[in-house]
Amino acid sequence: MAAQTKPLVSDLVSSISSLPANYVRPESDRPNLSEVTLDYSIPFIDLQGLHGPDHSKVIKEIAEACKHYGFFQVKNHGVPKEVIDKMLSISREFFHLPESERMKNYSDDPMKTARLSTSFNVKTEKVSNWRDYLRLHCFPLKDYIHEWPTNPPSFREDVGKYCKNARELALRLLEAISESLGLERDYMNSALGKHGQHLAINFYPPCPQPELTYGLPGHADPNVITILLQDDVPGLQVLKEGKWIAVNPIPYTFIVNLGDQIQVLSNDCYKSVLHRALVNCSKERISIPTFYCPSPDAVIGPAPLLIDDDHPPLYRNYSYSEYFQKFWNRGLNSETCLDMFKN
């Protein structure tokens, strides 16, 4: 019964000792931890080199990471430590507010541009995920910040500052990724229409039986790039050559992963990456992805410069709103929506 009376897992967890049935995955779809690689080093790129004599070396490192991995970690990224500290701290504070205060922000309407919810799509999914999240649209900031929570009191100021910094980093990364493909530096930025930016604060409470469920199952992101900030609790895993790799958090760094739109814009030179979030029985975990997106009306398709007789366009042109609708309706799935847009 508890599962029905408490919409958020963070409010359910104190009253249960085993996993409610609606969170239990079928046996064929559970995190098999014996098959996870723990000691793998993922590409770690120092972005300081973008602004100096090492520029072309860093662009090459980004090209390699995008081509062979679909994700990489960055340091010296320009986001101040105090901005990161405040973002993590205000996020934890929000999820530790009394239930009645947090629930003022609750909605299961995916069209709402600021909402607290749980799992992924509670209206369509068959099995729930062990995650609560606050999702916020944040570009242009002035259009959305008035919808955000006012408690904790510094929430809008701290999160707003973080969003501005994350956006600056996203724009720099998109320039570098464009350049790594041999395109004009501003190609990606101009392909995204008026741009969009969303932020999620994911909260994964301790789980009584973490081997039976996911925080989020394997999926690729539908957007352009995702910039992930994590606290110090492991949980992220990415798929590389058919094996799941645990990505351990390093303080004051970000994980950058490519979304489906980069795969299309690059005409499959670069691939979006499958990743998942695991939970554990002893520690809560917070992860904060910034999803950098095209605006809904932006028309996405392979870059003309990457098309020739030997490399025909692999995808038709489409609006980002059409893509996102298909992604949302289909739910989190290890198959991306890209096949629906192939020529």
Side-chain angles (χ1 to χ4, degrees), residues 36-79 166 168-189 191-192 218-221 223-230 236-250 252-276 289-292 300 302-308 310-311 313-315 336 338:
V36 173
T37 308
L38 298 171
D39 54 356
Y40 196 91
S41 59
I42 75 167
F44 200 6
I45 297 175
D46 185 343
L47 294 184
Q48 200 157 14
L50 276 178
H51 315 290
D54 287 340
H55 180 83
S56 56
K57 175 174 168 277
V58 177
I59 295 295
K60 197 173 172 191
E61 286 175 6
I62 288 172
E64 289 293 301
C66 290
K67 195 169 184 145
H68 300 296
Y69 293 82
F71 62 95
F72 51 94
Q73 207 150 7
V74 295
K75 63 178 181 178
N76 292 323
H77 39 64
V79 182
E168 285 167 15
L169 174 57
L171 294 176
R172 287 203 305 278
L173 287 166
L174 287 170
E175 284 185 349
I177 291 168
S178 292
E179 210 176 321
S180 76
L181 284 162
L183 302 170
E184 293 290 326
R185 282 181 72 187
D186 66 348
Y187 182 82
M188 293 283 176
N189 288 335
L192 307 185
H219 64 284
D221 290 342
N223 47 293
V224 184
I225 56 170
T226 301
I227 298 172
L228 181 74
L229 172 63
Q230 313 183 72
L236 173 68
Q237 298 182 351
V238 293
L239 195 67
K240 171 86 167 88
E241 290 162 359
K243 285 198 162 39
W244 287 104
I245 296 165
V247 181
N248 291 319
I250 299 174
Y252 303 113
T253 66
F254 293 101
I255 302 285
V256 178
N257 71 264
L258 304 185
D260 291 344
Q261 306 316 309
I262 288 273
Q263 184 163 335
V264 173
L265 288 158
S266 73
N267 205 33
D268 270 8
C269 293
Y270 296 163
K271 301 284 174 68
S272 60
V273 65
L274 287 174
H275 52 288
R276 65 186 189 179
T290 290
F291 303 104
Y292 210 77
I300 304 295
L305 263 180
L306 301 177
I307 294 167
D308 57 29
D310 297 326
H311 304 90
L314 299 174
Y315 301 93
T336 75
L338 287 167

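Residue numbers start at 1 and run along the sequence shown.
Within the 3.5 Å criterion, the main-chain N or O of M188 finds a donor-acceptor partner in the side chain of S178. With hydrogens and angles ignored, the 3.5 Å screen pairs no side-chain donor or acceptor of Q237 with any backbone N or O of W244. Checking side-chain atoms of K240 against main-chain N and O of H68 turns up a donor-acceptor pair under 3.5 Å.
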Item to complete: Please assess Y292 against L171 for the test side chain to side chain contact (heavy atoms under 4.5 Å, CB included), listing each intermediate value before the final yes or no.
Response: CA-CA 9 Å; Y292 210 77; L171 294 176; 3.7 Å; yes
Worksheet item: Can you check side chain to side chain contact (heavy atoms under 4.5 Å, CB included) on L265 and L306, steps first, answer last?
Response: CA-CA 9 Å; L265 288 158; L306 301 177; over 6 Å; no
Discussion item. Applying side chain to side chain contact (heavy atoms under 4.5 Å, CB included) to I262 and C66, what does each step give before you reach the verdict?
Written reply: CA-CA 10 Å; I262 288 273; C66 290; over 6 Å; no
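Applying the salt bridge (Lys or Arg N to Asp or Glu O under 4.0 Å) rule to pairs touching residues 60-73 yields K57-E61, sequence neighbours excluded. Sorted pairs that involve residues 253-272 and meet salt bridge (Lys or Arg N to Asp or Glu O under 4.0 Å), not counting sequence neighbours, are lacking altogether. Sequence neighbours left out, the pairs with a member in residues 178-188 that pass salt bridge (Lys or Arg N to Asp or Glu O under 4.0 Å) are E175-R185, E179-R185.
For the side-chain contact (heavy atoms from CB on, under 4.5 Å) test, residues two or more places apart in sequence or in another chain that qualify with V256 are F72, V74, L173. Taking D310 as the reference, D308 meet the side-chain contact (heavy atoms from CB on, under 4.5 Å) condition, with sequence neighbours excluded. Contacts of H275 classified as side-chain hydrogen bond (donor to acceptor under 3.5 Å, both in side chains), with partners at least two apart in sequence or in another chain: H219, D221. In this structure, the side-chain contact (heavy atoms from CB on, under 4.5 Å) partners of P302, at least two apart in sequence or on a different chain, are V264, N267, I307, P313, Y315, N317. Partners of Y252 under the side-chain hydrogen bond (donor to acceptor under 3.5 Å, both in side chains) rule, at least two apart in sequence or in another chain, are D85. Qualifying ring-ring contact (aromatic ring centres under 6.0 Å, His included) partners for Y187, counting only residues two or more places apart in sequence or in other chains: none. Here F291 pairs with nothing under the ring-ring contact (aromatic ring centres under 6.0 Å, His included) rule; sequence neighbours left out. With sequence neighbours excluded, no residue forms a side-chain contact (heavy atoms from CB on, under 4.5 Å) with S56.
Scanning both residues, L274 and A220, for their nearest heavy atoms gives CD2-N, 3.6 Å. Of all heavy-atom pairs spanning P289 and T226, the tightest one is CB-CG2, 3.7 Å. Scanning both residues, T253 and H77, for their nearest heavy atoms gives CA-NE2, 4.1 Å. Of all non-hydrogen atoms in I300 and A191, the two that sit nearest each other are CD1-O, 3.7 Å.
One finds the CG atom of L183 at 11.0 Å from the CD1 atom of I177 (value rounded to the nearest 0.5 Å). With rounding to the nearest 0.5 Å, the separation of CG in N248 from OG in S41 is 11.5 Å. Summarising the geometry, atom CD1 belonging to I227 is positioned 7.0 Å from atom CZ belonging to F254; distances are rounded to the nearest 0.5 Å. The distance from the CD1 atom of I250 to the CD atom of Q230 is 9.5 Å, given to the nearest 0.5 Å. The structure places CG of N257 at 11.5 Å from CD of Q73, a figure rounded to the nearest 0.5 Å. The distance from the CD atom of Q261 to the CD1 atom of I225 is 12.5 Å, given to the nearest 0.5 Å.
In this structure, the side chains of V247 and L228 stay at 4.5 Å or more apart for every pair of heavy atoms.
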Using residues 42-52 as the side-chain source, report each donor-acceptor pair under 3.5 Å to any protein atom, sequence neighbours left out, with the distance given to one decimal.
from	atom 1	to	atom 2	distance (Å)
D46	OD1	Q48	N	3.0
D46	OD1	N76	ND2	2.9
D46	OD2	N76	ND2	3.2
Q48	OE1	N76	ND2	3.2

